[in-house]
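Just so it is clear, the structure is predicted and the values come from calculations on it, not from any experiment. Counting convention: from 1, in listed order, for ligands and their atoms alike.
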Amino acid sequence: MGPLIIISGPSGCGKSTLVERLLAQTNWPLHLAVSATTRPPRPGERDGTDYHFWTRERFDAELAADGFLEWAEVFGNRYGTLRREVEPYRARGEGVLLEIDVQGCRQVVRRCPDAVTIFVRTSTPEVLAERLRRRGTETAESLEQRLRGAAWELAHAHEYRHQVVNDDLESALKELRTILDPLFER
Ligand code: ADP
Ligand code: 5GP
């Protein structure tokens, strides 16, 4: 079975940026699982690449068919990890990376206790707020919601095996490599 890696952390802490850089600088057999969500796409996001952007009906049909390894309601929308984005890859010995929230991580760890869990954060809430604002993807309301959510997620950071502070991107990448390199050494 290939390794299962879970990356969580407050919205805007830099998870996607870190993962994108990691995948670009390695040629590991590592699949980034594409989640399904009922949230609408942001400008530039592509269906099937960033997420499977589904209607609530499509999402609930998949749920009824037991297609999800985990799912959760986050900021008023449903997000879930599809079994088919995980199980076939791991069965072939490839690694799978999940970028999911704290609720989802708990569900996956219950089913796959060998998962390597990593919590990404910024050193202060101010850095996080500034980053989210600068990203320019959120309305005032959803920004507020994400910052409140960040406080909740941070309170659960201790549930993770590893923590990475992403203030300086290069240092954070290095820390991530220190955790993950041993999984892909042959
Ligand atoms: P997440 O996936 O956790 O929601 P993103 O990867 O979208 O976060 O990052 C949020 C914003 O912060 C983006 O605009 C990204 O370019 C920027 N960012 C990410 N990491 C850093 C960093 N170490 N220093 C400065 N800006 C960063
Ligand atoms: P965003 O809307 O910014 O892309 O993601 C919001 C939050 O949903 C982030 O905390 C992200 O980790 C989480 N998320 C994304 N995909 C999934 C998923 O498949 N399952 C769960 N539980 N959370 C997810």
* Asked: Is there side-chain contact between R161 and I179, with at least one heavy-atom pair below 4.5 Å?
  -> no
* Asked: Looking at E138 and R42, does any basic side-chain N land under 4.0 Å from a carboxylate oxygen?
  -> yes
* Does E62 pair with R78 as a salt bridge, N-O distance under 4.0 Å? -> no
* How about E141: does its CD atom have over 12 heavy atoms from other parts shown lying under 6.0 Å from it? -> no
* Structure fact -> Short version for Q103: what comes under 4.0 Å of ligand 2, heavy atoms counted, is neither
* Structure fact -> Heavy atoms of V34 and T49 approach each other most closely as CG2-O, 3.7 Å
* Structure fact -> The atoms of ligand 2 lying under 4.0 Å from a heavy atom of A72, numbered in the order shown, are 22 (N)
* Are R58 and H52 close enough that a side-chain donor and a side-chain acceptor fall under 3.5 Å? -> no
* Between the side chains of E99 and S16, does any donor sit under 3.5 Å from an acceptor? -> yes
* Atom CZ of R134 with >12 non-hydrogen neighbours under 6.0 angstrom -> no
* Asked: So do S11 and F75 actually touch side chain to side chain, heavy atoms under 4.5 Å?
  -> yes
* For atom 12 (O) of ligand 2, which protein heavy atom lies nearest, and how many Å away is it? -> I100 C, 3.3 Å
* For N27, look at atom CG and say whether over 12 heavy atoms of other residues, nucleotides or ligands are found less than 6.0 Å away. => no
* Pairwise side-chain contact, V116 with P3, heavy-atom cut-off 4.5 Å (strictly under) -> no
* To do: Could you tell me the residue and atom name of the protein heavy atom closest to atom 7 (C) of ligand 2, and the distance to it rounded to 0.1 Å?
  => V74 CG1, 3.8 Å
* Would you call the rings of W71 and F59 parallel, tilted or perpendicular, where under 30° means parallel and over 60° means perpendicular? -> perpendicular
* Would you find more than 12 non-hydrogen atoms of other residues, nucleotides or ligands less than 6.0 Å from E20 atom CD? -> no
* Asked: Hey, are E170 and K174 close enough for a salt bridge, meaning a charged N less than 4.0 Å from a carboxylate O?
  -> no
* Asked: Between R78 and ligand 2, which part of the residue brings a heavy atom under 4.0 Å of the ligand: side chain, backbone, both or neither?
  -> neither
* To do: For atom 19 (O) of ligand 2, grab the closest protein heavy atom and report residue, atom and distance to one decimal in Å.
  => S35 OG, 2.6 Å
* Kindly confirm or rule out an N or O of W71 lying under 3.5 angstrom from an N or O of ligand 2. => no
* Considering heavy atoms of the protein only, find what lies nearest to atom 13 (C) of ligand 2 and give residue, atom and distance to 0.1 Å. => D101 N, 3.9 Å
* Asked: Any N or O of R135 that comes nearer than 3.5 Å to an N or O of ligand 2?
  -> no
* Near ligand 1, which residues have a heavy atom under 4.0 Å away from one of its atoms? -> P10, S11, G12, C13, G14, K15, S16, T17, E99, R131, R135, N166, D167, D168, L169
* For atom 20 (N) of ligand 2, what is the nearest protein heavy atom, given as residue, atom name and distance? -> E70 OE2, 2.7 Å
* With atoms numbered from 1 as shown, which atoms in ligand 2 lie under 4.0 angstrom from a non-hydrogen atom of G104? -> 22 (N)
* How far is atom 6 (C) of ligand 2 from its nearest protein heavy atom, and which residue and atom is that? -> Y79 OH, 3.6 Å
* Polar contact flag for E153 and ligand 2 (N/O pairs, less than 3.5 Å) -> no
* Asked: What do you reckon, does Y51 have a nitrogen or oxygen under 3.5 Å from a nitrogen or oxygen of ligand 2?
  -> yes
* Asked: Just distances here: any N/O of G80 and N/O of ligand 2 closer than 3.5 Å?
  -> yes
* Asked: What are the atoms of ligand 2, with element, lying closer than 4.0 Å to any heavy atom of R146?
  -> 1 (P), 2 (O), 3 (O), 6 (C)
